[in-house]
*Asks:* 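Encoded as C-alpha cells, here's the structure I'll be asking about.
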Amino acid sequence: MSRHSEGPQPLPDHVRPYLRELVGRTRRICGADLVSVLAVGSLALGDYRPGRSDVDVTVVVEPSVSGAVLRGLAETLAHPRLPCPAAGLELVVYDRDFAGRASGRAGYLLDLNTGPLLTGRASFDPVPSPAFWYVIDRSVAHQAGRALFGRAAGEVIAPPAAADLLTAVRASVREHGEGEGHLADNRVLNGCRSVLFCRTGRWTAKRAAGRAIAATEPGFRPVVEAALAGFERPRAEAVDLPAAEVGNFLAWVRGRVDEAARAVGR
C-alpha cells in the first residue's frame, strides 16, 4: 500500500441512517437479484466532507434483473422521496457479469443522480455517457469499496486493464482542464490524485493526494494549498482560485498522465 494512502475511516454519523435505509429499499426492490451494495468514492477513501461530498454507491445485481425493477429502484431512491443528507447521491448499478470483468466501457444498467445539490438524472442507457467516469469509479471500488450488503467489492468489481484505466484518467484530466461545471479546488485536487495514481498505482483521498503533491512539487504548492483550504468549505461557499495558476497546474498534470499512458503504450 502507498504510504500516501489513508486507512478506512468510520462512515460519517449523519450518513449511516441514510445508507441503512438505502440498503433496505434496494433489498426490497431487487430481492434475490441483489448481489452487493458498496460505498465507493469519498466514503470509501475516507475523504467525505459534509456539505461538499456526494454519497457514492455502486450496486451489483444479477443479469436477470428486469427493467421494471431498475425503474422502481430509481424511483424509491430519488430525493426527496428518500431525503439525501449529502450534496447528492450518485448511484450506479451494474450486472454481475459486466462488473466481474475488466472493461473500458461505461456499461451500467442504471446511473442515478439525485439530491439537494444535484440535477436529477436517471439513465438506463450507458452508450451516450462518457466512459471514463465509470472506469475510474470501478477501479476505486475494486481497491477500496466498502460492502454495505452482500459480497465484498474486490470479489464483484474487476479492476480495469491498465491501458483502459490510463485512457480514462487522461479523459478525466481533460474534462477537469476545461473547468465547466467543476469547482476550481476540486479540479486541482483531482489533478493531484491523478498524478499520484500514475506514480503509485493506487487511488488516494484527494486531500492526501494534495498534501503529497504540495510536498514534492514546491512550484505548485501555493495553488495546491489554496485548493486544500477551499475543499474544506461547503459547495455553496466555494471560492475561485487564480485561473492562470490552475491552468498551469492542470497542464503539468496532463503532461505527467500522458507520460504514464505512453509507458503502457496508450
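Note that the coordinates shown come from a computational prediction; the quantities given were computed from them, not determined experimentally.
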*Asks:* With a 3.5 Å cut-off and sequence neighbours excluded, list the donor-acceptor pairs that the side chains of residues 239-249 form with protein atoms.
*Replies:*
{"unit_1": "N248", "atom_1": "ND2", "unit_2": "A244", "atom_2": "O", "d": "3.3"}

*Asks:* Hey, quick one: are L77 and V55 part of the same hydrophobic cluster, counting side-chain heavy atoms closer than 4.5 Å, chains of contacts allowed?
*Replies:*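 Result: yes, single cluster for both.
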
*Asks:* Do you know which two heavy atoms are closest between L112 and A122, and how far apart they sit?
*Replies:*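 Result for this residue pair: CD1-CB, 4.1 Å.
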
*Asks:* Should D54 and R235 count as an ion pair when the cut-off is N to O under 4.0 Å?
*Replies:*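 Salt bridge between D54 and R235, a charged N being under 4.0 Å from a carboxylate O: yes.
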
*Asks:* Please say which of R207, K206, R193 ends up in a salt bridge (Lys or Arg N to Asp or Glu O under 4.0 Å) with D47.
*Replies:*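 Passing option: R207.
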
*Asks:* Side-chain contact, heavy-atom cut-off 4.5 Å: R170 with F132?
*Replies:*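 No, too far: nothing below the 4.5 Å cut-off.
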
*Asks:* List the steps and the verdict of side-chain hydrogen bond (donor to acceptor under 3.5 Å, both in side chains) for D33 and S64.
*Replies:* CA-CA 7 Å; D33 282 324; S64 56; 2.8 Å; yes

*Asks:* Determine the minimum heavy-atom distance between A44 and A39, stating which atoms define it.
*Replies:*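 Between these two residues, the closest heavy atoms are CB-O, 3.6 Å.
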
*Asks:* Using the rule that Ile, Leu, Val, Met, Phe, Trp and Tyr join whenever any side-chain heavy atoms are under 4.5 Å apart, tell me whether L189 and V173 fall into a single cluster.
*Replies:*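 Cluster IDs for L189 and V173 match.
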
*Asks:* Quick one: do the D111 and S129 side chains pair a donor with an acceptor below 3.5 Å?
*Replies:*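 Absent: no donor and acceptor within the cut-off.
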
*Asks:* Looking only at non-hydrogen atoms, find the nearest pair between E259 and R256 and report the distance.
*Replies:*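 That would be OE2-NH2, 2.9 Å.
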
*Asks:* Where do R101 and R105 come nearest, in terms of heavy atoms and distance?
*Replies:*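 Looking at all heavy atoms of both residues, the closest pair is NH2-NH2, 3.9 Å.
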
*Asks:* Is the distance between the ring centroids of H14 and Y48 less than 6.0 Å?
*Replies:*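 Aromatic pair counts; centres sit under 6.0 Å.
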
*Asks:* I would like to know whether W252 and V195 meet side chain to side chain contact (heavy atoms under 4.5 Å, CB included); could you show each step before the answer?
*Replies:* CA-CA 10 Å; W252 174 80; V195 170; 4.0 Å; yes

*Asks:* I need the minimum non-hydrogen distance between A147 and A152, along with the two atoms involved.
*Replies:*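 Taking every non-hydrogen atom into account, CB-CA, 4.3 Å.
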
*Asks:* Going hydrophobic residue to hydrophobic residue with side-chain gaps under 4.5 angstrom, can you get from L118 over to L73?
*Replies:*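 Hydrophobic grouping puts L118 apart from L73.
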
*Asks:* Can you see whether S194 engages R254 through a side-chain donor-acceptor pair at a distance of less than 3.5 angstrom?
*Replies:*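 There is no such pair between these side chains.
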
*Asks:* Side-chain contact test, heavy atoms from C-beta onward, threshold under 4.5 Å: evaluate it for L250 versus R187 and give yes or no.
*Replies:*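 In contact.
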
*Asks:* Is a side-chain donor or acceptor of S172 paired with a backbone partner of A168 at a separation under 3.5 angstrom?
*Replies:*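 Here the side-chain-to-backbone pair does not exist.
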
*Asks:* For the pair E90 (side chain) and V57 (backbone), establish whether a donor and an acceptor sit closer than 3.5 Å, ignoring hydrogens and angles.
*Replies:*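 Not confirmed, E90 side chain does not pair with V57 backbone.
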
*Asks:* Return the minimal non-hydrogen interatomic distance between A205 and L45, and the atom names on each side.
*Replies:*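 For A205 and L45, the tightest heavy-atom pair comes out as CB-O, 3.5 Å.
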
*Asks:* Tell me whether R27 is salt-bridged to E21, with the criterion being a basic N under 4.0 Å from an acidic carboxylate O.
*Replies:*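 E21 and R27: not salt-bridged.
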
*Asks:* Salt bridge check, D185 against R52: does any charged N sit closer than 4.0 Å to a carboxylate O?
*Replies:*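 Between D185 and R52 there is a salt bridge, with a charged N closer than 4.0 Å to a carboxylate O.
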
*Asks:* List the steps, then state whether side chain to side chain contact (heavy atoms under 4.5 Å, CB included) holds for F149 with S36.
*Replies:* CA-CA 5 Å; F149 170 83; S36 294; 5.8 Å; no

*Asks:* Go through D95 and V60 one step at a time and tell me if the side chain to side chain contact (heavy atoms under 4.5 Å, CB included) criterion holds.
*Replies:* CA-CA 6 Å; D95 81 60; V60 180; over 6 Å; no

*Asks:* Kindly indicate whether the side chain of L22, heavy atoms from C-beta on, has any atom under 4.5 Å from the side chain of L148.
*Replies:*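 The answer is no, as the side chains (C-beta and beyond) never meet within the 4.5 Å cut-off.
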
*Asks:* Check step by step if side-chain hydrogen bond (donor to acceptor under 3.5 Å, both in side chains) holds for S139 and R202.
*Replies:* CA-CA 9 Å; S139 178; R202 291 188 63 80; over 6 Å; no

*Asks:* R16 side chain to L11 main-chain N or O, any donor-acceptor pair under 3.5 Å?
*Replies:*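 A pair under 3.5 Å: yes.
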
*Asks:* Using only atom types and a distance under 3.5 Å, with no angle test, would you say the side chain of R25 pairs donor to acceptor with the backbone of T76?
*Replies:*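 Answer holds: yes.
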
*Asks:* Please determine whether residues L109 and V23 belong to a single hydrophobic cluster, defined as Ile, Leu, Val, Met, Phe, Trp and Tyr linked transitively by side-chain heavy-atom distances below 4.5 Å.
*Replies:*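 Yes, one cluster joins them.
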
*Asks:* According to a 4.5 Å side-chain heavy-atom criterion applied to Ile, Leu, Val, Met, Phe, Trp and Tyr, with indirect links allowed, do L165 and Y134 form part of one hydrophobic cluster?
*Replies:*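 No, L165 does not connect to Y134 through the hydrophobic network.
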
*Asks:* State whether the side chain of H142 and the backbone N or O of I157 hold a donor-acceptor pair below 3.5 Å, judged by distance alone.
*Replies:*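 Pair found, side chain donor or acceptor close to backbone of I157.
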
